[in-house]
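Side-chain atoms are counted along with the backbone in the values below, which use heavy atoms only and exclude waters and symmetry mates. Naming: A, B, ... by sequence-line order, numbering from 1 per chain.
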Amino acid sequence: MRLALIALLPLLGAMLPPLASRAGRDAVTAVAALVTLTALALLATSAPAVLRGEIVQDGTAWVPQLGLSFSFFLDGLGLFFAALILVIGLLVIVYARSYLGRDEPVGRFFAYLLLFQGAMLGIVISDNVLLLVVFWELTSLSSFLLIGWWHQAPEGRQGARMALVVTGGGGLLLMAGMLLLGHAAGSYELSEILLRGDVVRASPLYLPILLLVLGGAFTKSAQVPFHFWLPHAMAAPTPVSTYLHSATMVKAGVFLLARLWPVLAGTEAWFLIVTATGLVTMLVGAWIALFKTDLKAILAYSTVSHLGLMTMLLGFGTPIAAVACVFHVLNHATFKAALFMGAGIVDHETGTRDIRRLGGLAGLMPITATLTLIAAAAMAGVPLFNGFLSKEMMLEAAWHTRYADLAWPVPLLATLAALLSVAYSARYAIGVFLGRPRAALAHHPHDPPAGMWLPVAVLLVPVLLIGVAPALFAGDVVALAGQATIGTAALPGYHLALWHGVTPALIMSVAAFAGAALLYAGLGPLTRLHARLDRPDAKAAFDAVVAAVVRACRTTTRRLHTESLPRYLAIITGVVVLVGAAGFFGGTHAAGGRATLPVSLPAVVAFVLLATTSLAVPAVHGMRLLTLVLVSVVGLVVSLAFLQFSAPDLALTQITVEVVATILLLLALNLLPKRTPSETGTARTAGAAPTVRMLRDGAIAGAAGLGVAALAYAVMTRDFTPISDYHLAQSKPGGGGTNVVNVILVDFRGFDTFGEIIVLSIAALAIVALLDNALRGAAARRLDTLKRAVEAADPHPTVLVVVARALLPLALTVGIYIFFRGHNLPGGGFIAGLVVAIALMMQYMAAGFDWTAARRRFDAHALIGAGVLVAGLTGLGALAFGRPFLTSSYGYFHVPLIGEIELATAMLFDTGVFLAVVGTVVLSLARISLVERRAERGPPSRSAAVPGPDRATASRPAAAAAPVGREA
Amino acid sequence: MRSRVLPHPILSVVVAVVWVALANDLSAASLVFGIVLGIGVPLFTACYWPERPIVKRPLVMLEYAAVVAWDIVVSNIEVARLILFRRGSTLRSLFVTVPLELTTPEAVTVLTGTITMTPGTVSADLSADGRSVLVHCLDAGDPDAVVRQIKTRYERRLKEIFE
Amino acid sequence: MTGMIEAACMVAVVAISVAALLNLYRLAVGPDVLDRILALDTLVVNAIALIVVIGVWYGTAIYFEAALLFAMVGFLTTVAFCKYLLRGNVIE
Amino acid sequence: MTPPLPSPATAAIVLPIVLPALTAAVMVLAFRHRRAVQRILSVGAAAALLAVAIGLYAVARDGDVAPYYLGHWPAPFGIVLVLDRLSATMLVLTAALGLAVAIHSLGGWDARGRHFHPLLQFQLMGLNGAFLTGDVFNLFVFFEGMLIASYGLMLHGGGPRRLTAGLSYVAINLTGSTLFLFAVGLIYAVTGTLNMADLAARVATVAPGDEALLRTGALLLLVVFGLKAALVPLHWWLPGAYGAAAGPVAALFMIMTKVGAYSILRVYVLVFGADAGAVAGLAAPYVLPAALATLVVGAAGVLASRTLAALACFAVVWSMGSLLVAFGLFDHAGVAAGLYYLVHSTVAGAALFLLVDVLSPLRGRAADRIVPTPPLPSAALFSGLFFVAAIAVAGLPPLSGFLGKLLVLDATGAAPGAAIVWTVLLGTSLVVILGFARAGSTVFWKTRPAPAAAAGPAAAARPRGGPVAVCAALLAATAALALFAGPVTAELDATARQVFDTAAYRRAVLPPQAAAAAPGAAAAEATP
Amino acid sequence: MALASEILVTVLILVGTFFLFVGSLGLAKLPDLMRRLHAPTKATTLGIGALLIASMLWFDLVHDALSFHEVLIALFLFMTAPVSAHVIAKAHILRDAPTRATLPPAQTSGWATLEPHPADPRER
Amino acid sequence: MELLVAASIGILTAVGVWLLLRLHSFPVIVGTIFLSYAVNLFLFAMGRLAIDQPPIVDPAVTAYTDPLPQALVLTAIVISFGMTALIVVLALRAFLETGTDRVDGGRDEPPTVADRAGERL
Ligand code: NA
Ligand code: NA
């Protein structure tokens, strides 16, 4: 696990700095540095093997189904990059200690930095390409946090978001590319894939893979046209810029191209795309850098340019160019990190990064000036500094490169880029440190503490050493990393040296310097000219694109999600009709052969009744009470239809449910508007024009009705063999009852019924919960102001009260009768429950809520709970005998006087049903009427005066009321 | 008789009879169960029927029932004639007030029910104090005769039964 | 089932059907909602009659409870509608 | 003809339904005014349910499909519950989520209305019933149980917004329930049976003249399940309902959409799957395109959101798109990937909803709107939690969402039209990432100075430890899901394999002669 | 004997049918609500009553067993039909001003639909 | 007979769907009621129609109608009753809370004079 630990240490170690933050910033810095050092030490232990030319591998399985494993491998390239990441990371940590303000949460900062470091290490040492993607996206995420460090500023937030979107989006492309790559190569392990370049290049997936991988690499490495995010990431604190945008994150793209070079490079497509992208990026970055005024922006665009250079080199596809790239990665990392740190020092000391406000700082801060000038010279490619050497190699490679069968474009443009590079480097160095000092700086600038400049100095050591003696100080590293990059190809002959004689590269280099001198001289007018040019602003473009996408999303979402129920339902029912039609017409159909029943007169009349009343409803639905009367007629006809077609149980249920539903709807209607306003008058807010809507709704409704009717007719006119022959046969012997429907309900499919009574119970609970707070807040105020209609003076007509009283015991008797006969004849717990509930509701209706509630012998809640419990426990009873839930049992018992009676556990179950039904109906209706009462009597203060009256006695002589008084 | 066990003796009988009728069976089992219910159901519903009507002369009830049954037959023939052979607008329909001597709500209710069931009359409302019934006559040449008939044929008997 | 009674049942069914159509007429014409409620009430009575006649015709008592329930609870729909018109609140 | 009696292990199959149902009944019966007792019962029952579910998973892991013949009636005549790896997985997920929600609600939500805990338990019952049943009509019943409890829970707490959204939610789902009955009726009318295993046997031999009717029934049923799964263009109810619901309720609802997805998988693999003859492979042409549209609409909604709740809601829509893209392949790899995504999206989405729920009260009048506020108390904690939740939901590494997405991509890679699927998946992923980045940076980064007077309420609202801990635990679960993705995907891989072994399902549920008569069974026996 | 019974049953069915029909006819034919109210509440009671008796007789005849549960339908109808008529009439009185104008005075107080009970505390 | 039943189911469905698409909660509720009539009849019809063959086992009878759809319809009736009760109360509650019974997000004109006068129709 040693190798894995290199990446995991910083990731896990990220937790330490926040924990240490109590101990002060030095301790935090020490912890972060220690974590980095430990990782570096771990890396060092693996280094000897790598230097011997071995490949160190390590890892464990993660998601074998996916080919994603937690596997790492370390070769020259990985070691090179890992070392770079850790060493520069260490320097950045030291630098950041002094850079960050006193009141900033350093612990969190270092946590993010270590997270990023771990992710970056993961990229360079991953063996598994999918694991590489994991780390790749982790760098996007951790850089998001780092770039947004100063999130109070809009630039911080926007820069972070932009970086996340561009690099994270690239990561998504890479994810797809790596999946395809693994698929094409037959393995997700890089160590395998690198050996199967031929297979991959020959695969039909090659081009998609290439494009997707390049999408990932180019976004990360800020290649044109994805270059715009990098300068805006400069909103980050300078240590972050140093680390992410010079040495590491942006190099991840280059690393990826180098890593996959043996697999993907060498084809025409690769050459054309990668070279061109690199070349254009190199030029564009340099050109923009020339005119930027913010120090970090200049450095950022120069970075873009240098990344283009590296990309172009890899694009050439020759081993020597690849080696040159590796060399330039090393050189660029050192001088660019130094430059960023230097810019941070200037910013820190002067309070500005605007090159126009800076100048002549050499005298004030000599150390910083010296260091920066050295680094800038390296960037410009001045001999004796390392940048010169790799630039020479680049020019040399460019000289030999023909693009589109032309010899001149690449060398010419490369030289031009070098020229621009010299020019902006000069402008940077001269503009800040030389020339005359400017006034109006906030405070007197001076060299920073050693903690800040020492890391810069350390970085410049390799700049100088390599610049002077490249073979000695960088030869092995470049050879090692270069060989690893080009894979099995032979390392080309090259010679790292300051002097190669007068080569084309040297001439191009000289030309660049000369041209740069001219350019620098003419920079003033050129800058003015440039300022006047209408140049494309990438950030504005990006922002515009994002804004357009957001706007499009908002518009689409708002237009789609109008929160209009009719629209939603129109779409849904429309879909239902279409899918149903597609289903029907997608299959074969033949007319059925079942004989139809002869039509009878009552059936025709019933149909006429149903059709007339139903079809009248759309016309008169504005009058709501009338609608309910019509609905009652429909319900009546439906009950009769059940009866006609041999379903007495259904008829009984329908008859009783109708009554309860009517009462319920009338209760609600009393508080709702009494009429539905005409929809033609409401067109303004309803979207489509009323006529269009009516037509649309009519079409959907007509199609649905026609479809359903056709389906029903098709079914009824064909035969089938249902499973219910078994139920008919087993009802008596197996279930102990002759009413097969009831035996199905309480036995064969008792579980349905168990669920069904729970549904009812939940409905009651939900109604209680809904109405529980109806007597507070806006609802209560509305209730209080509800307009009362003209109403009868007697709420409880005597005739009604007396008949209801007389009916109650009779109805209960009927309920009990229906309950007991249900197992053998039409009836059962549900219908019985409804009958009893109706009888009780009749009392409420006749005698009033208070009067009846005061005499209530039971709590409806408890009835519901008890009902479910009885049914459930009856079902569980079977478990005691080792039988499954709801296994029923019945027996015949002889009772003296009465004779043989049948007792079945199913009846106990039915008792649960009965209780739940009574409880549900009574509870629901009672709760609604409670709300109604508020509307009737107004707020509690007024209603306090109302006694619990016995309305039956209100209209009878006072003497007769006396017994009630005694009773109460 | 009016004990805790049998709060409404007549009701108990009615319940038992209803049970036997429901069962459509005169067996011992249904009779026994009917008696059980006759005791149980009134006990459960007693609280909803606090004023226990006293039926003083049950036999008069039979007489009353016979009178009403006869009147219903007559009423039906009469009303059928009116419906079939008279134009609706020529019917001399009107409301009459029937002053009541009955006081118990049960008796009043039986009377209003009877009025509605018998010749050409519908009881449309009671007075707020319960001392008058508003009766609608379908075709009444002599409103006083209607009032008289109600009072003599029905109210008198009901008074005997209930009060 | 003898022909005589069957014929009577047929007559009854036809008459009840026509009666139901007459109820529908009142339901359609109104004019007041109370007329329609009354029509509904009458329709229920006709339904009870139909069930009884059908029971006689088929010689079965299996549909009896339906008629019983109509007779026992059917009026509650009428009462509920009227209570609504009288007082607004059906249960108060 | 009598079916075998349950073994001690399989006797517990009915418990996930009965236990919550009876717990709720006891609460309603005896403790409806005693919230403290209700809380103990609710959390205790949820914990017990989790234990039972884990036990049942262990049973299901043996590899055999375990039927439970309710009432001891033989299939297909009685109702049969069927425990297999798939249903066991869903049970464990439901129970875990239920426990999290029960605990989270103790933070105060359960006190903001009546009957929260009974409704919660009933909802768990409905869910478990839907996952266990092997009967299409019984599935309807449990759908209804689950839905009506969800109506109650959705409306819990009241308020105009919740009521308005609730009305739409209920009306749309009532339409769906009606359609369910039409579809089941049609299927019964052709096949004469309701038992899924028996249906599987009978649809294959449907007469050519009946095929159109059967297809219609099957596709209407697909619309029902699609409605529950929030497949575009049937998803309309989701943003409003989830957005208006209380946090813990929305979190619990994460499993509701999964019931739709589960049912699609179950019915259209077992009944209308490869062996279904003329009606084989019925759903595939519809599910995949709809899932792609779902991805687009969901992602657009995420970016368009103006509140965190809306953000979470559309993220759910989007995640259902990802999930159903995988299920829509109706192959082993797709189902295995989809199952992982299902587990992930349930946990991650729930965490997000719970987080929004704890966060909103701290933001004063801004509540969950995506606008800058004065700095929050414990901003670092919440921004951290949000960051992690966003990573999980948006599918960035290292959490489970990333692996889920990778699995889905991997599974769809070989499918026809893979390029389109990948483009939509990845394109919408980017939009979702952007949406979360915008929302998070506005809510947590873009602070405005606290007006001196208004500092009071926001400062007064302190985060409660319990609910925050539940969020953190769920987020930790997504991390664990990622870390142990190897064993988890191995389990789900075996589950997916069992899903497609429909012959084994039929053998286990139906008596031998009936199962042998079924097509495919012979083939399965020929190649053991 | 059987024939006599059958004739009786037939006659009862026809009589019941006749009154049933007349009830509905009256409902359709009569010109105002109060008059219409008379038709169904009366004619239907005898109509149904005759049918019920026919049913009882018929079952006694066919099954050779006493059938008397039909009595219950009559019982419930007789209890409930007047109530229906009563509440419809009350609602009509409340809603229809011309009808209200034709009402005769009650004995000592107003009609219950229109005037609160003197002792009712709720109506202030 | 089958044609009449099928036509009835079709009419109920069409009216139900049309009402479902209205702008106010009350017609929507009535629409769901119509749809439940329709679906109950439909489900019932799936067992095919039979006259005077109730599924009450009797040794003297040989033909019964299919009892299973009847049991299913019973369950469906009960469930749709519960659902109707809930949505009715919900609509009422939403109206009380928001002051409108529109379900499309719009608002109606203030109640008309007739409405204020307390016309209960
Ligand atoms: Na009369
Ligand atoms: Na009369």
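Using modelled atom types and a 3.5 Å distance limit, the side chains of B/Ser93 and E/Arg35 yield a donor-acceptor pair. Side-chain contact annotation: E/Thr99 with E/His92, donor-acceptor N/O pair under 3.5 Å present. E/Ser109 and B/Asp129 share a side-chain donor-acceptor pair at under 3.5 Å.
Panel note: side chain B/Ser123, backbone B/Thr112; a donor-acceptor pair is recorded below 3.5 Å.
The greatest number of non-hydrogen atom pairs below 4.5 Å with chain B, out of E/Gln107, E/Met79, E/Glu70, is found for E/Gln107. With chain E as partner, the option from B/Val73, B/Leu82, B/Leu91, B/Ile72 having the largest number of non-hydrogen pairs under 4.5 angstrom is B/Leu91. Put simply, of E/Leu37, E/Thr102, E/Val71, E/Thr108, the one with the most heavy-atom pairs under 4.5 Å next to chain B is E/Thr108. Residue with the most contacts toward chain E among B/Thr97, B/Val20, B/Ile83, B/Asn76: B/Asn76 (heavy-atom pairs, distance under 4.5 Å). Interface check for chain E: of the options B/Ser132, B/Ser89, B/Ala80, the most heavy-atom pairs under 4.5 Å are formed by B/Ser132. Considering only heavy-atom pairs separated by less than 4.5 Å from chain B, the leading option among E/Ser67, E/Gly26, E/Ala85 is E/Ser67.
Between E/Leu27 and E/Arg36 there is a side-chain heavy-atom pair separated by less than 4.5 Å. Between E/Leu33 and E/Ile88 there is a side-chain heavy-atom pair separated by less than 4.5 Å. Annotation: side chain of E/Leu114 is not in contact with side chain of B/Asp125 (no heavy-atom distance under 4.5 Å). Residues B/Tyr64 and B/Val110 meet the side-chain proximity criterion, which asks for heavy atoms closer than 4.5 Å. A heavy-atom distance below 4.5 Å is found between the side chains of B/Cys137 and B/Val96. In this structure, the side chains of B/Phe95 and B/Val135 stay at 4.5 Å or more apart for every pair of heavy atoms.
Heavy-atom distances place both the backbone and the side chain of E/Leu46 under 4.5 Å from chain B. E/Leu77 touches chain B through its backbone: at least one of N, CA, C or O sits under 4.5 Å from a heavy atom, while the side chain does not. Proximity to chain B (any heavy atom under 4.5 Å) is restricted, for E/Thr45, to the side chain, taken from C-beta onward. There is no contact between B/Val98 and chain E, counting heavy-atom distances below 4.5 Å. Interface remark: B/Leu94 contributes no atoms to any contact with chain E (heavy atom separation under 4.5 Å). For E/Lys90, the parts sitting under 4.5 Å from any heavy atom of chain B are the backbone and the side chain alike. In this structure, the portion of E/Leu75 lying under 4.5 Å from any heavy atom of chain B is its side chain and not its backbone. Residue contact with chain B, scored on non-hydrogen atoms closer than 4.5 Å, involves the backbone and the side chain of E/Leu25 alike.
Contact annotation for residues 9-21 of chain E against chain B (heavy-atom separation below 4.5 Å, listed by residue number): E/Phe18, E/Phe19.
Distance check, rounded to the nearest 0.5 Å: OG1 of B/Thr90 to CG of B/Asp139 gives 7.5 Å.
Of the charged side-chain nitrogens involved, at least one lies within less than 4.0 Å of a carboxylate oxygen, so that B/Arg81 and B/Glu78 count as a salt-bridged pair. Salt bridge status for B/Glu155 with B/Lys159: absent, with no side-chain N to carboxylate O gap under 4.0 Å.
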